[in-house]
Chemist: 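Got a structure here, written out as structure tokens. Questions coming.
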2 protein chains.
Amino acid sequence: MLEPEGKIIKILIADDHPIFRNGLKSVIESVANYSVVHESDNGEDAFKYICENEIDLAILDVEMPIMDGFEVAKQLHVEKKSLKIIFLTMFKEERFVNKVLDLGVKGYVLKENAVIDILNAIKIVSTGNKLYISPIIEHYLEARNTKAEYNYKESFESLTNSEKKILKLISENKSSKEISELLFISGKTVENHRSNICKKLELTGSNALFKFTVDNKFLIDKMHF
Amino acid sequence: MLEPEGKIIKILIADDHPIFRNGLKSVIESVANYSVVHESDNGEDAFKYICENEIDLAILDVEMPIMDGFEVAKQLHVEKKSLKIIFLTMFKEERFVNKVLDLGVKGYVLKENAVIDILNAIKIVSTGNKLYISPIIEHYLEARNTKAEYNYKESFESLTNSEKKILKLISENKSSKEISELLFISGKTVENHRSNICKKLELTGSNALFKFTVDNKFLIDKMHF
DNA sequence: GAAACCATAGGGGCTAACCCTCATTTTTAG
DNA sequence: CTAAAAATGAGGGTTAGCCCCTATGGTTTC
């Protein structure tokens with residue numbers, strides 16, 4: 001493993017599993033000019049360290065306590081432009097990848113491919129402004145792009161605050177009656193909102209909305225309003 | 001880290017994340033008489049190795065390709081009585097712990113506590129027939145035992161084959177009409193089955209069945225009929 | 001062969017959610 | 001200030017699923 005440049009690349013790793021962190025560190029430091037300068041077991045600690053110290057690259061686990069990888073990236077990329085971020089995750093779901101790219105994250109590496117992929121990812125991401133995504137995920141994306149897929153992100157943004165509030169409660173398995181009692185509004189209003197949500201999300205049929213919230217619980221939980 | 005006995009304990013580790021495996025190995029082998037004799041990145045490989053070789057302890061990730069930890073344990077504990085099994089997992093859900101204990105698995109360690117817990121677990125499990133469960137999970141279990149919990153496993157077994165078949169299809173988001181067309185039976189029959197399933201599972205109210213299948217998808221997928 | 005169980009099927013009632021349309025008030029934006 | 005957008009409410013219709021009942025033919029079991 002040789003690198004053309006002698007410059008030391010300062011790396012932060014954040015993952016809540018100490019054993020994984022250990023393994024990751026030893027893989028990374030097998031390359032001479034890579035140095036792991038800080039380890040975090042949660043997103044908040046990583047965020048603080050990055051704000052207060054100069055580092056080149058942050059490798060963030062997506063699933064972490066306190067702040068997850070998404071949160072950290074969201075807070076960071078506005079202020080720190082030189083910083084590169086690589087996500088480590090177990091999820092190969094497409095929707096994640098989209099979200100990641102929106103945040104300005106440069107790398108997306110699947111944990112099960114980590115040994116092979118992480119060094120490639122660091123190399124590509126740290127030398128220039130290029131993107132690295134685990135090959136297996138790229139394969140996924142290609143398959144995805146062949147079929148025209150409805151863009152839920154866009155649709156979510158077309159929802160009003162009331163609609164989002166109600167969508168959230170539907171995802172928590174609340175009936176229209178329960179929602180009306182929680183929000184101190186008429187049951188009829190709730191039903192009207194439901195109806196409008198269905199229209200905006202292009203959902204039709206019995207229970208379509210609840211089924212949608214089940215399938216997209218992740219996105220709904222992350223919804224801000 | 002001193003051990004009273006000089007006997008070498010032969011350990012197999014199975015986890016689909018190579019970096020985690022590396023880290024785990026180095027933690028384990030920091031103890032003189034622990035030796036990792038084989039690493040697997042999937043359950044099937046682990047199963048085969050264990051069948052063909054004499055090892056003392058298998059540390060299995062619950063989430064693995066081909067065969068998961070549950071499958072491996074299920075196949076093994078009948079034939080190999082001297083073998084000890086420790087599960088490594090990210091899930092602290094109670095239902096998993098119950099399932100694990102039923103299989104004769106001796107250890108249950110959460111990945112986020114792995115560095116501290118795994119060596120304790122190996123020590124306790126390998127010296128005698130004792131059980132080790134990550135303290136944080138034990139805390140969970142205590143809380144759980146105070147409330148009387150409905151036993152779904154029992155209820156599942158009370159379902160007839162037709163009912164199970166239909167429950168599976170409901171979990172796949174099929175309507176009664178669709179199910180009737182798939183099974184070549186009247187829609188009314190499907191509704192009767194639904195009704196009986198609701199009675200057996202003690203579910204009432206609109207959509208309760210579908211909500212149940214969402215919450216218990218894991219169990220339904222494992223259902224045999 | 002009676003009892004029990006199962007799969008099948010239908011009648012009929014009820015409700016929650018979906019689906020229109022319309023109307024009023026409040027908030028927001030130009 | 002005015003126009004658009006959002007939030008609230010309602011009337012009225014359809015449907016899927018829940019729930020109660022009965023009933024018939026087929027197994028299994030004692």
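Scope of the values below: all heavy atoms of this structure, side chains included, with no hydrogens, waters or symmetry mates. Reminder, nothing fancy here: chain letters follow the sequence lines and each chain counts from 1. The structure presented is a predicted model; accordingly, all values stated were derived computationally and were not measured.
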Chemist: Between D:dC19, D:dA7, D:dC20, which nucleotide has the shortest distance from any of its atoms to the side chain of A:S162?
Modeler: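 Minimum distance to the A:S162 side chain belongs to D:dA7.
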Chemist: May I ask you to evaluate whether A:H193 reaches the phosphate of D:dT8, defined as a side-chain N or O under 4.0 Å from OP1 or OP2?
Modeler: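 Yes, such a contact exists.
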Chemist: What is the distance from CG of A:L159 to P of D:dA5, rounded to the nearest Å?
Modeler: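 Going from A:L159 (CG) to D:dA5 (P), I get 16 Å.
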Chemist: Atom NZ of B:K188 to atom P of D:dC19: distance rounded to whole Å?
Modeler: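 Result: 13 Å.
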Chemist: What does B:T189 touch in the nucleic acid at a heavy-atom separation under 4.0 angstrom: a base, only the sugar-phosphate, or nothing?
Modeler: base
Chemist: For B:N192, which contact category applies under a 4.0 Å heavy-atom criterion: base, sugar-phosphate, or nothing?
Modeler: base
Chemist: May I have the distance from A:I179 (atom CD1) to D:dA7 (atom C1'), rounded to whole angstrom?
Modeler: 15 Å
Chemist: Hey, is the side chain of A:T160 poking within less than 4.0 Å of OP1 or OP2 on D:dA7, counting only N and O atoms?
Modeler: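 Answer yes for this pair, as a side-chain N or O of A:T160 is under 4.0 Å from OP1 or OP2.
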Chemist: Rounded to whole angstroms, how far apart are CZ on A:F212 and P on C:dC18?
Modeler: 13 Å
Chemist: Strictly distance-based, threshold 3.5 Å: is any side-chain N or O of A:S40 a donor or acceptor partner for the main-chain N or O of A:G43?
Modeler: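 Answer holds: no.
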Chemist: Step by step, work out the side-chain contact (heavy atoms from CB on, under 4.5 Å) result for A:L209 and A:R194.
Modeler: CA-CA 8 Å; A:L209 231 195; A:R194 287 186 93 118; 4.0 Å; yes
Chemist: Can you tell me how far P of C:dT8 sits from CZ of B:R194, to the nearest Å?
Modeler: 15 Å
Chemist: Rounded off to whole Å, could you give me the CG-to-P distance for the A:N196 and C:dC18 pair?
Modeler: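 Answer to the nearest Å: 12 Å.
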Chemist: Between C:dA7 atom P and B:I197 atom CD1, what is the distance in whole Å?
Modeler: 10 Å
Chemist: Name the nucleic acid region contacted by B:S186, choosing base, sugar-phosphate or nothing; use a 4.0 angstrom heavy-atom cut-off, strictly under.
Modeler: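 Sugar-phosphate only.
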Chemist: Closest-nucleotide mapping onto DNA chain C: is B:S206 or B:G187 further toward the 5' terminus? I mean the 5' end.
Modeler: B:G187
Chemist: Is the phosphate of C:dC19 approached by A:S195 (side-chain N or O, under 4.0 Å from OP1 or OP2)?
Modeler: no
Chemist: Does a side-chain N-to-carboxylate-O contact under 4.0 Å join A:K200 and A:E163?
Modeler: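 A salt bridge links A:K200 with A:E163.
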Chemist: Can a donor-acceptor pair be found, under 3.5 Å and without considering hydrogens, that links the side chain of A:N42 to the backbone of A:D45?
Modeler: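 It does hold such a pair.
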Chemist: Write down the distance between CD (A:E191) and P (D:dG13), rounded to a whole number of angstrom.
Modeler: 15 Å
Chemist: State plainly whether the residues A:K48 and A:E52 are in salt-bridge range, i.e. N to O under 4.0 Å.
Modeler: no
Chemist: Measure from the side chain of B:I185, starting at C-beta and using heavy atoms only, and say which of C:dC19, D:dA7, C:dA9 lies closest.
Modeler: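 That would be C:dA9.
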Chemist: How would you label the contact of B:G205 with the nucleic acid (heavy atoms, under 4.0 Å): base, sugar-phosphate, or nothing?
Modeler: sugar-phosphate
